[in-house]
Amino acid sequence: MFDTFFVQPVFNVLVAIYALIPGHDFGFALIIFTALIRLAMWPLVKKQLHQATAMKRLQPELKKLKAKAAGDKQKESALMMELYKERGVNPFSQIGLLVVQIPLFIALYSGINKIVKHPEEILTFSYPFVRDLSWMQELVRDISRFDATLFGIIDLNRAAYSKGATYIPAIIIVLLSAVLQYFVSKQLSPSAKDARGLKSILGDAKEGKKADQSDVSAAVNRNMLLLTPFIIAFVTLGIPAALALYLLTSSVVAYFQQRYILSKDEVELEAIADGEPVEAVVELPDKPKTKDKKKATSSKRKKRR
């Protein structure tokens, strides 16, 4: 069922793009495919950013609630849920993007494995209407014409490190994908100047001081920000470079998506974070300017008089 509902559709979209683009470059088709997938997830990404911004803006109020609860976890949870409901914040919203991406990545991994281990599956696993495309008919006559490279240079079938052998082009793709993932995650992480390190928090705990759970969570998240790229690099070292290229392209598109949304929709994000109607807030930046303009206009008229 997973093959039927996930692997085969993903596989066929990728193969169709590969068969339709000029030059029939498998690596370039994978880049186009990844970019299209990220763009298709635009509404989900935008909603995730709204919620992430809202969560960051709520941190000071959450600390006040914890102080108000005075150690009563049940009361604290009730107050937090009430605040989330009041501001329209879903603390689990970011899971939605993972729920979409994880099956997609597994499906893509399975599909690429089919191509790597058995190139003829590009024909047997394709839908009939995809197999009827002109380039696919060329492959039916001679499957050796299928070239799983990026621009004819980088072999996407090979792993960065496999059986003691290293493949430098794939290693570069793996490292770039890890670095880009760091910057993608950093865009959404709060930059608190007074943030405490995990070592400092654990040191206080040894001395009998009670640690604030929000400080602990923030410290763990900062450590994960640094750890995640290493995990990605480690995982992608031993798999076909095509998967590393997918992650790299996805991170590049995600970085610019987030940068665009966070810069262009800043007013809208703040409106949602503050729990205010967007329409009411959008006009706020212009109001001071309007008043200034009116004052300037009236002063000019007085001078003329």
Side-chain angles (χ1 to χ4, degrees), residues 6-7 10-11 13-14 17-18 21 25-42 44-45 48-49 52 94-116 147-189 221-262:
F6 288 94
V7 179
V10 168
F11 179 90
V13 171
L14 175 58
I17 293 171
Y18 159 74
I21 61 172
D25 187 285
F26 181 68
F28 187 52
L30 185 56
I31 291 172
I32 294 173
F33 168 83
T34 309
L36 289 175
I37 291 295
R38 287 295 311 187
L39 291 173
M41 290 193 295
W42 179 273
L44 191 59
V45 171
Q48 180 198 27
L49 291 181
Q94 296 192 23
I95 297 173
L97 202 57
L98 288 175
V99 169
V100 174
Q101 284 186 301
I102 290 174
L104 180 64
F105 182 79
I106 295 171
L108 190 61
Y109 176 76
S110 178
I112 288 173
N113 262 345
K114 288 179 182 294
I115 296 173
V116 171
D147 184 17
T149 64
L150 174 62
F151 305 133
I153 301 171
I154 302 174
D155 186 357
L156 298 177
N157 286 338
R158 294 183 63 182
Y161 182 82
S162 179
K163 298 177 182 178
T166 55
Y167 185 47
I168 301 300
I171 288 176
I172 293 171
I173 293 175
V174 167
L175 293 177
L176 285 174
S177 67
V179 170
L180 258 296
Q181 183 57 48
Y182 168 78
F183 286 108
V184 169
S185 301
K186 190 173 174 61
Q187 281 179 316
L188 300 179
S189 61
N221 287 337
R222 285 194 300 275
N223 286 343
M224 284 303 297
L225 181 66
L226 297 172
L227 185 61
T228 302
F230 287 101
I231 295 173
I232 289 173
F234 179 77
V235 169
T236 51
L237 275 174
I239 60 178
L243 270 299
L245 180 62
Y246 165 79
L247 288 175
L248 173 59
T249 308
S250 183
S251 295
V252 170
V253 178
Y255 177 82
F256 285 105
Q257 272 185 324
Q258 291 179 180
R259 185 176 177 180
Y260 176 82
I261 294 171
L262 291 172

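Quick note: numbers below take in every heavy atom, side chains included, and nothing from hydrogens, waters or symmetry partners.
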| task | Apply side chain to side chain contact (heavy atoms under 4.5 Å, CB included) to the pair Asp25 and Phe151, showing each step before the final yes or no. | result | CA-CA 6 Å; Asp25 187 285; Phe151 305 133; 3.9 Å; yes
Provide the closest heavy-atom pair for [X] versus [Y] in the form atom of the first, atom of the second, distance.
X	Y	value
Ser251	Val184	O-CG2, 3.3 Å
Gly238	Ala159	C-CB, 3.7 Å
Arg38	Val253	CB-CG1, 3.5 Å
Leu156	Gly27	CD1-CA, 3.4 Å
Ser177	Ala244	CB-O, 4.0 Å
Gly111	Val7	N-CG1, 4.0 Å

Do [X] and [Y] have side chains that get closer than 4.5 Å, going by heavy atoms?
X	Y	result
Ile31	Leu150	yes
Leu14	Tyr18	no
Thr228	Gln181	yes
Leu104	Tyr246	yes
Ile17	Leu36	yes

Calculate, to the nearest 0.5 Å, the distance between atoms [atom1] and [atom2] belonging to [X] and [Y] respectively.
X	Y	atom1	atom2	value
Thr149	Asp155	OG1	CG	7.5 Å
Leu227	Phe234	CG	CZ	12.0 Å
Leu245	Phe28	CG	CZ	11.5 Å
Leu243	Ile173	CG	CD1	11.0 Å
Tyr255	Tyr182	OH	OH	11.5 Å
Ile32	Thr249	CD1	OG1	10.5 Å

| field | Stepwise side chain to side chain contact (heavy atoms under 4.5 Å, CB included) test for Leu108 and Leu30 | value | CA-CA 10 Å; Leu108 190 61; Leu30 185 56; 4.3 Å; yes
| request: Would you confirm whether Ser110, through its side chain, and Ala107, through its main-chain N or O, come within 3.5 Å as a donor-acceptor pair? | output: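 Judged by distance alone, no pair lies under 3.5 Å.
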| said: Show, in sequence, the C-alpha distance, side-chain angles and deciding distance for Phe6 and Ile106, and conclude whether the side chain to side chain contact (heavy atoms under 4.5 Å, CB included) test is met. | reply: CA-CA 9 Å; Phe6 288 94; Ile106 295 171; over 6 Å; no
